[in-house]
Structures are given as structure tokens and as C-alpha cells.
Amino acid sequence: MKLTPYLMFEGNAEEALNFYAEVLNGEIEMIQRYSDGQGMQVPEHYANKVLHGRLRAGEVVLYVSDAFPGQRVTTGDQVSLTVEFDSEEKTDQAYAKLQAGGEVRMPLQKTFWGAKYGKLVDAYGVQWDLNYQYS
């Protein structure tokens with residue numbers, strides 16, 4: 001299992017990603033655009049925004065994204081914790097426990113990027129992204 005901070009932005013994720021790469025002397029490993037999302041309907045002006053980006057600096061990994069069009073990012077809410085699980089069973093178990101008393105933002109489900117993924121806020125206000133990548 002691996003835990004990764006996920007930073008959310010309101011349209012300037014790529015700028016922040018480049019900044020953090022410079023600050024941390026890291027490498028941007030991947031940028032996926034909203035236009036890459038199969039079946040996603042986004043305004044034309046948002047197509048080139050960052051759906052998911054990954055930066056690696058040594059052992060440190062950061063994920064970044066621009067919030068969905070029209071979604072506000074509030075200071076303090078722009079960070080979530082991403083857990084990469086090594087089994088579907090562990091993913092299901094963690095999701096079931098974290099959703100108790102919390103708020104589901106995206107139900108745990110199979111996705112177009114080949115993973116089982118869910119997003120929620122637990123009873124303590126912490127945001128979680130749970131991901132199990134199928135082999």
C-alpha cells in the first residue's frame with residue numbers, strides 16, 4: 001500500500017505542477033487532460049486542463065488535478081490522501097470503513113483508466129482517494 005498527497009487547483013494545476021517540479025528538483029511523469037477522459041463532457045475551454053498529473057522527486061510523489069469545471073476549491077480542502085491498494089478486497093474494506101459517517105464524493109467503481117476508484121470524505125473531514133489498479 002502507498003499513500004500519496006493529491007493537490008486540487010482551480011485551473012492552474014499545470015502551473016503549480018511545473019513550480020513544484022522546479023522547487024523539488026523533480027520530474028513530471030505524467031499529465032492527463034480532461035479531453036483524454038473517455039465520455040467526460042467538459043466545456044471546450046476546460047479540455048486542456050489537468051485531469052491528473054504526477055510529479056516524482058526522489059521517493060516523494062505528488063498528484064495534482066484541476067477541479068471539475070465549476071467546482072470551487074477551498075483552502076484546506078485542496079489536499080486529499082490517495083491510497084494505492086494492492087488488492088481489490090483491501091480497497092473495498094477500506095472504502096466501507098471510511099464511508100461510515102462520512103460523505104461519498106464518487107462511489108467506488110471501475111473506471112476508464114483501468115482501476116477501481118472511489119473518493120470520499122471521512123467522519124473527521126479528511127478527503128480520501130482510494131485506487132486499485134487492475135493488472
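Positions are given from 1, in the same order as the sequence printed here. Because only heavy atoms are used, hydrogens play no part in the values below, and waters and symmetry mates are left out as well, while side chains stay in.
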Would you say F112 and M106 are hydrophobically clustered, going by side-chain heavy atoms of ILVMFWY under 4.5 Å? yes

For the atom pair CD (E84) and NZ (K2), what is the distance rounded to the nearest 0.5 Å? 5.5 Å

Nearest-0.5 Å distance that lies between atom CD1 in I28 and atom CG in L17: 4.0 Å

What pairs of residues pass the ring-ring contact (aromatic ring centres under 6.0 Å, His included) test when at least one of them lies in residues 53-79, not counting sequence neighbours? Y6-Y63, Y34-F68, H52-Y63

Decide yes or no for F9 and Q78: does some side-chain heavy atom of the first lie under 4.5 Å from some side-chain heavy atom of the second? no

Going only through I, L, V, M, F, W and Y residues with side-chain contacts under 4.5 Å, is there a path from M30 to Y117? no

Tell me, which pairs form a side chain to side chain donor-acceptor pair (under 3.5 Å) where one or both residues lie in residues 91-107, sequence neighbours left out? E89-Q93, D92-K116, E103-R105, R105-Q127

Check for me, please, whether V104 and M8 land in the same ILVMFWY cluster - side-chain distances under 4.5 Å, paths through other members count. no

Give the table of side-chain donor-acceptor pairs shorter than 3.5 Å for residues 35-47, with sequence neighbours excluded, one pair per line with atom names and distance.
residue	atom	partner	partner atom	Å
S35	OG	A47	O	3.4
D36	OD2	R33	N	2.8
Y46	OH	A67	O	2.5

Side chains of E14 and N18: does their closest heavy-atom pair fall under 4.5 Å? yes

Under 3.5 Å donor-acceptor, Q71 side chain and P69 backbone: no

Looking at CG of L130 and CG of L98, how far apart are the two atoms once the value is rounded to the nearest 0.5 Å? 6.0 Å

Do D66 side-chain atoms and A13 backbone N/O form a donor-acceptor pair below 3.5 Å? yes

Is there a side-chain contact between Y20 and L7 (heavy atoms, below 4.5 Å)? yes

Contacts of D86 meeting salt bridge (charged side-chain N to carboxylate O under 4.0 Å, His left out) (sequence neighbours excluded), chain-then-number -> K90

Please name all residues satisfying side-chain hydrogen bond (donor to acceptor under 3.5 Å, both in side chains) with D122, sequence neighbours left out, ordered by chain then number. W128

Kindly say whether V73 contributes a backbone atom to a donor-acceptor pair with the side chain of E10 at under 3.5 angstrom? yes

For S80, enumerate each residue passing the side-chain hydrogen bond (donor to acceptor under 3.5 Å, both in side chains) test, keeping only those at least two apart in sequence or located in another chain. D129

Is it the case that one hydrophobic cluster holds both L3 and V60, taking links as side-chain heavy atoms less than 4.5 Å apart, direct or via other members? no

Sequence neighbours excluded, the answer for side-chain hydrogen bond (donor to acceptor under 3.5 Å, both in side chains) partners of E15 is none

State the CE-OG distance between M1 and S87, to the nearest 0.5 angstrom. 9.5 Å

Where do N131 and W113 land on the side-chain contact (heavy atoms from CB on, under 4.5 Å) test, with the steps shown first? CA-CA 11 Å; N131 197 70; W113 63 85; 3.4 Å; yes

Evaluate L55 against E29 for side-chain contact (heavy atoms from CB on, under 4.5 Å), listing each step before the verdict. CA-CA 6 Å; L55 165 70; E29 293 184 323; over 6 Å; no

Taking only residues two or more places apart in sequence, or in another chain, which ones meet Q133 in a side-chain hydrogen bond (donor to acceptor under 3.5 Å, both in side chains)? none

Verdict with supporting geometry, L81 and V126, side-chain contact (heavy atoms from CB on, under 4.5 Å): CA-CA 8 Å; L81 299 176; V126 176; 4.2 Å; yes

May I have the step-by-step check of side-chain contact (heavy atoms from CB on, under 4.5 Å) for T4 and L62, ending in yes or no? CA-CA 6 Å; T4 305; L62 290 177; 5.7 Å; no

Share the residues that join V121 in a hydrophobic cluster, the rule being Ile, Leu, Val, Met, Phe, Trp or Tyr side chains under 4.5 Å apart at the heavy-atom level. none

